[in-house]
Amino acid sequence: MATDHIRLCSWNVNSVRARWPLVEKLVAEWRPDILCLQETKVAAELFPRDAFAALGYPHQLVRGMKGYNGVAILSRLPLAAAAAHSWCGADDARHLAARLPSGIMLHNFYVPAGGDIPDPEANPRFAHKLAFLDEMIAWAERLREPVVLVGDLNVAPHPEDVWSHKALLDVVSHTPQETERLLRLQEAHDFVDLVRACHPRPAKLYTWWSYRARDWAASDRGRRLDHIWTSPALGAALADVIVLREARGWARPSDHVPVLVDLHRDACLG
DNA sequence: ATGGTAGCGAAGCTA
């Protein structure tokens with residue numbers, strides 16, 4: 001990794017403790033400067049802070065709860081001015097923000113998955129997901145500073161972001177209620193979808209494959225749930241995006257793969 | 001159409 005770039009990684013690890021050997025593998029092979037994790041599934045006081053410091057990430061922001069959710073930002077670079085919003089009035093460890101040395105705010109989100117039934121009347125989890133996205137839209141409309149937004153947004157917005165648009169129209173993660181909200185969120189701040197900027201449609205692109213498939217690679221029934229966006233002014237900083245599909249084939253994998261972005265240091269992050 | 005797997009934590013919930 002050339003020093004004129006900064007490499008960020010967003011990864012839903014589905015338990016940071018269960019995934020520790022793969023965290024080490026990711027760091028050894030891909031050397032991200034900043035790791036944004038989701039679904040760490042551990043209370044903040046039990047988060048493996050020392051292990052991350054030993055890996056080269058002494059600057060840490062951690063939110064967590066027992067067994068569910070949880071987000072963390074682990075960094076080689078100093079972090080300032082941490083912020084942790086509570087969305088929908090719940091203190092459920094789904095968001096963290098850190099100010100990078102350049103002054104840019106980095107936001108790490110874990111949007112609710114939403115349960116199985118795509119009806120907010122019948123399914124409170126789906127109602128929570130829609131309300132969470134609505135709050136994000138209102139937040140983005142008020143944003144007046146450049147940001148980097150990453151995370152598991154649990155929505156695959158475009159037809160090419162799922163293995164079958166038709167089959168998933170009534171499946172939570174790709175319903176019109178969700179995809180319209182995600183695109184409104186994008187428009188609210190004129191966010192640039194860096195992943196699609198590097199890997200444009202109509203190419204299919206996924207970041208998640210169900211654990212329940214007999215052969216995830218052969219059936220390839222994936223969805224693009226994990227995202228890296230920036231404010232328009234930071235779009236020019238984009239150098240490259242890597243969706244680490246191979247990580248789904250690692251031993252004891254997460255069902256999500258890491259998404260890496262290289263940003264020109266001088267263009268944004270200092 | 002259904003059920004399939006993984007993690008937490010020690011049964012059932014969540015994804």
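So that the names make sense, note that chain A is the first sequence line, chain B the second, and so on, each numbered from 1. Since we're looking at a predicted model, the values are computed, not measured.
Rounded to an integer number of Å, the gap from CG of A/D116 to P of B/dA1 is 16 Å. Regarding A/Q38, its CD atom lies at a distance of 17 Å from the C1' atom of B/dT14, rounded to whole Å. Put simply, CG on A/D226 is 15 Å from P on B/dA15, counting in whole angstrom units. The interatomic distance linking A/W209 (CH2) with B/dA15 (C1') rounds to 17 Å, in whole Å. In this structure, A/H128 places its NE2 atom 15 Å from C1' of B/dA15, rounding to the nearest Å. In this entry the distance linking CG of A/D92 with C1' of B/dC13 reads 15 Å, nearest Å. B/dA15 atom C1' lies 6 Å from atom OH of A/Y110, rounded to whole Å. Distance NE2 (A/H256) to C1' (B/dT14): 12 Å, rounded to an integer number of Å.
Using P as the reference atom, B/dG3 and B/dC8 are 26 Å apart when rounded to the nearest Å. The same atom, P, is picked in B/dG12 and in B/dA1; the two are 29 Å apart, to the nearest Å. Comparing B/dA11 with B/dA6, their C1' atoms are spaced 16 Å from each other, to the whole Å. For B/dG9 and B/dT14, the P atoms lie 14 Å apart once the distance is rounded to whole Å.
A/R248 places a side-chain N or O within 3.5 Å of a backbone atom of A/W209 that can act as its donor or acceptor partner. Side-chain atoms of A/R63 come within 3.5 Å of backbone N or O of A/H95 as a donor-acceptor pair.
Using a 4.0 Å heavy-atom cutoff across all strands shown, A/R17 reaches sugar-phosphate atoms only and no base atom.
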Apply side chain to side chain donor-acceptor pair (under 3.5 Å) to the pair A/S231 and A/E145, showing each step before the final yes or no.
CA-CA 8 Å; A/S231 301; A/E145 62 170 2; over 6 Å; no
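Looking at A/R201, A/R223, A/K204, A/R224 one by one, the single match for salt bridge (Lys or Arg N to Asp or Glu O under 4.0 Å) with A/E160 turns out to be A/R201.
Mapping A/D255 and A/K66 onto DNA chain B by nearest heavy atom places A/K66 closer to the 5' end of the strand.
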Distances for protein N or O near nucleotides 5-7 of chain B N or O, under 3.5 Å:
{"unit_1": "B/dT5", "atom_1": "O4'", "unit_2": "A/Y211", "atom_2": "O", "d": "3.1"}
{"unit_1": "B/dT5", "atom_1": "N3", "unit_2": "A/R212", "atom_2": "NE", "d": "3.3"}
{"unit_1": "B/dG7", "atom_1": "OP1", "unit_2": "A/R19", "atom_2": "NH1", "d": "2.8"}
{"unit_1": "B/dG7", "atom_1": "OP1", "unit_2": "A/R19", "atom_2": "NH2", "d": "3.2"}
{"unit_1": "B/dG7", "atom_1": "OP1", "unit_2": "A/R252", "atom_2": "NH2", "d": "3.3"}
{"unit_1": "B/dG7", "atom_1": "OP2", "unit_2": "A/R252", "atom_2": "NH2", "d": "3.0"}
{"unit_1": "B/dG7", "atom_1": "O3'", "unit_2": "A/S15", "atom_2": "OG", "d": "3.2"}

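Residues satisfying the ring-ring contact (aromatic ring centres under 6.0 Å, His included) test with A/W20, not counting sequence neighbours, are A/F52.
For the 3.5 Å distance criterion, the side chains of A/R19 and A/S254 fail to qualify, holding no donor opposite an acceptor.
Linking Ile, Leu, Val, Met, Phe, Trp and Tyr residues whenever their side-chain heavy atoms come within less than 4.5 Å places A/F132 and A/W139 in a single cluster.
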